[in-house]
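See below for the structure under consideration.
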Amino acid sequence: MAPTKTVLRALAGETLPTPPIWMMRQAGRYLPEYKATRAQAGDFLSLCYNPELAAEVTLQPIRRYGFDAAILFADILLLPQALGADLWFVTGEGPRLSTIQTQGDFDKLGPVGDIDATLSPIYETIRILRGELPADTTLIGFAGAPWTVATYMIAGRGTPDQGPAHALMQENTPLFEALLARITAGTIEYLAKQIEAGAEVIKIFDSWAGSLKGDAFHKYALEPAREITVALKARYPHIPIIGFPREAGDNYIGFAKATGVDCVALDNSVSADWAVQHVQVDGCVQGNLASRHMVTGGQALVDETRAIVKAFSGGPHIFNLGHGITPDADPDNVQRMIDAVRDK
Ligand code: CP3
């Protein structure tokens with residue numbers, strides 16, 4: 001049966017008169033209602049693991065703006081926690097995890113079969129959302145790509161250049177590859193459960209793909225994305241998958257064909273005109289307005305939004321930012337962007 005929701009139609013390869021729109025981190029600290037619910041939950045992780053409140057913050061940007069897609073409220077670092085890593089968030093700084101530097105550290109991780117003991121509240125959030133979302137809103141589930149997740153598990157925190165992960169890759173390749181394999185297997189299991197619970201689309205976030213060059217990109221970004229996609233497609237052939245190898249540059253070319261993903265999400269370091277030529281030729285693309293426009297606003301926001309819509313108008317396109325919206329964004333600028341996309 002042909003899909004009727006606009007996001008699913010674009011993902012099926014249809015060129016629509018108006019691109020569907022949603023926004024990375026659309027449930028976030030730029031919204032006062034998010035901050036209120038987060039305060040009610042106590043802290044970020046308690047919010048992620050509280051199905052009622054996680055569903056509530058997922059719905060907030062849908063109510064306020066009528067986005068065409070909702071993205072499950074959770075985090076890519078919940079999977080490492082479910083695999084046995086310690087995880088906590090330091091306010092104003094970001095995530096902290098127990099580190100993986102040695103075989104002994106790796107051996108302390110648990111088996112993939114145990115992840116649901118931690119992650120079952122996430123599946124419950126999805127079930128609640130499927131009951132509450134408007135009929136034309138698509139629900140997106142997600143996970144981090146193995147490389148990006150590994151960079152946090154190895155270093156125990158975010159790093160500017162992913163140095164510790166690159167070092168382990170060089171110095172103990174078997175351990176690095178064993179970790180990647182464990183994350184890949186866990187990710188397949190986690191995403192399959194999200195689909196069973198009601199996720200209609202899956203997005204794989206490889207935020208640090210840009211720091212992998214040449215053969216390393218092929219082995220550690222492209223290959224795991226292909227493995228996850230093949231495994232999910234074997235079980236759920238009708239579920240579209242969006243790949244986001246952020247800042248991949250020329251490695252965006254051919255990524256959809258090589259991995260089997262239905263759509264490639266673009267960051268704003270590539271121009272829309274370039275991406276039309278090199279990426280959209282293979283199917284649906286998503287992106288790629290610079291998120292700073294949500295802070296700066298003005299005519300530049302409207303002009304740039306319209307230019308992106310126009311550039312991609314000859315093929316399947318889902319409008320989005322090039323990366324997540326930031327806490328200092330003005331909620332009114334989000335409405336201006338939506339109005340510009342929908343030509344109001
Ligand atoms: O897009 C969405 O709204 C869905 C939910 C979602 C979150 N994180 C919620 C979140 C998604 C899809 C993510 C993905 C994620 N998480 C990525 C990949 C995408 C990207 O941004 O590159 C990464 C690298 C993470 C890890 C992570 N989570 C970091 C580094 C941080 C701290 C930085 C920050 O923005 O504070 C988080 C926290 C986080 N994840 C917040 C949200 C809404 C902010 C937490 C808060 O409320 O204090």
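Just so it is clear, the model here is predicted, and its values are computed rather than measured. Ligands are counted one by one from 1 in listed order, and the atoms in each one are counted from 1 as well. Quick note: residue numbers are just sequence positions, from 1.
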Between [X] and [Y], is any side-chain donor less than 3.5 angstrom from a side-chain acceptor?
{"X": "Y220", "Y": "E177", "result": "yes"}
{"X": "Q81", "Y": "Y49", "result": "yes"}
{"X": "D107", "Y": "Q103", "result": "yes"}
{"X": "Y123", "Y": "D116", "result": "yes"}
{"X": "T326", "Y": "D328", "result": "yes"}
{"X": "Q101", "Y": "D105", "result": "no"}

Element-labelled atoms of ligand 1 that are located less than 4.0 Å from some non-hydrogen atom of [X]:
{"X": "F89", "value": "28 (N), 31 (C), 37 (C), 38 (C)"}
{"X": "F73", "value": "43 (C)"}
{"X": "R38", "value": "46 (C), 47 (O), 48 (O)"}
{"X": "Q26", "value": "3 (O)"}
{"X": "A27", "value": "3 (O), 43 (C)"}
{"X": "L72", "value": "4 (C), 5 (C)"}
{"X": "S207", "value": "18 (C), 19 (C), 20 (C), 22 (O), 24 (C)"}
{"X": "P95", "value": "29 (C), 30 (C), 31 (C), 32 (C)"}

Are any of the N or O atoms of [X] closer than 3.5 Å to those of ligand 1?
{"X": "W22", "result": "no"}
{"X": "W208", "result": "no"}
{"X": "T148", "result": "no"}
{"X": "Y152", "result": "no"}
{"X": "R246", "result": "no"}

Tell me, which protein residue and heavy-atom name are nearest [atom], and how many Å apart are they?
{"atom": "atom 1 (O) of ligand 1", "result": "R25 N, 2.8 Å"}
{"atom": "atom 23 (C) of ligand 1", "result": "I76 CD1, 3.4 Å"}
{"atom": "atom 36 (O) of ligand 1", "result": "R29 NH2, 2.7 Å"}
{"atom": "atom 41 (C) of ligand 1", "result": "F44 CE1, 3.7 Å"}
{"atom": "atom 8 (N) of ligand 1", "result": "D75 OD1, 3.1 Å"}
{"atom": "atom 11 (C) of ligand 1", "result": "F142 CZ, 3.6 Å"}

Among the heavy atoms of A74, does any lie under 4.0 Å from an atom of ligand 1?
yes
Answer with yes or no whether H323 contacts ligand 1, where contact means a heavy atom under 4.0 Å from a ligand atom.
yes
Stepwise side-chain hydrogen bond (donor to acceptor under 3.5 Å, both in side chains) test for Q286 and W22
CA-CA 10 Å; Q286 179 180 278; W22 68 280; 3.0 Å; yes
I'd like to know if atom 33 (C) of ligand 1 has any protein heavy atom within a distance of less than 4.0 Å.
no
For R157, does the CZ atom sit with more than 12 other heavy atoms under 6.0 Å from it, leaving out its own atoms?
no
Check K108 with D86, please: is the shortest side-chain N to carboxylate O separation under 4.0 Å?
no
salt_bridge(E56, R63) N-O dist < 4.0 Å
yes
Are any of the side-chain heavy atoms of V261 and V264 separated by less than 4.5 Å?
yes
Closest approach of G249 and W274, non-hydrogen atoms and distance?
O-CH2, 3.5 Å
Between the main-chain N or O of G287 and the side-chain N or O of H317, is there a donor-acceptor pair closer than 3.5 Å?
yes
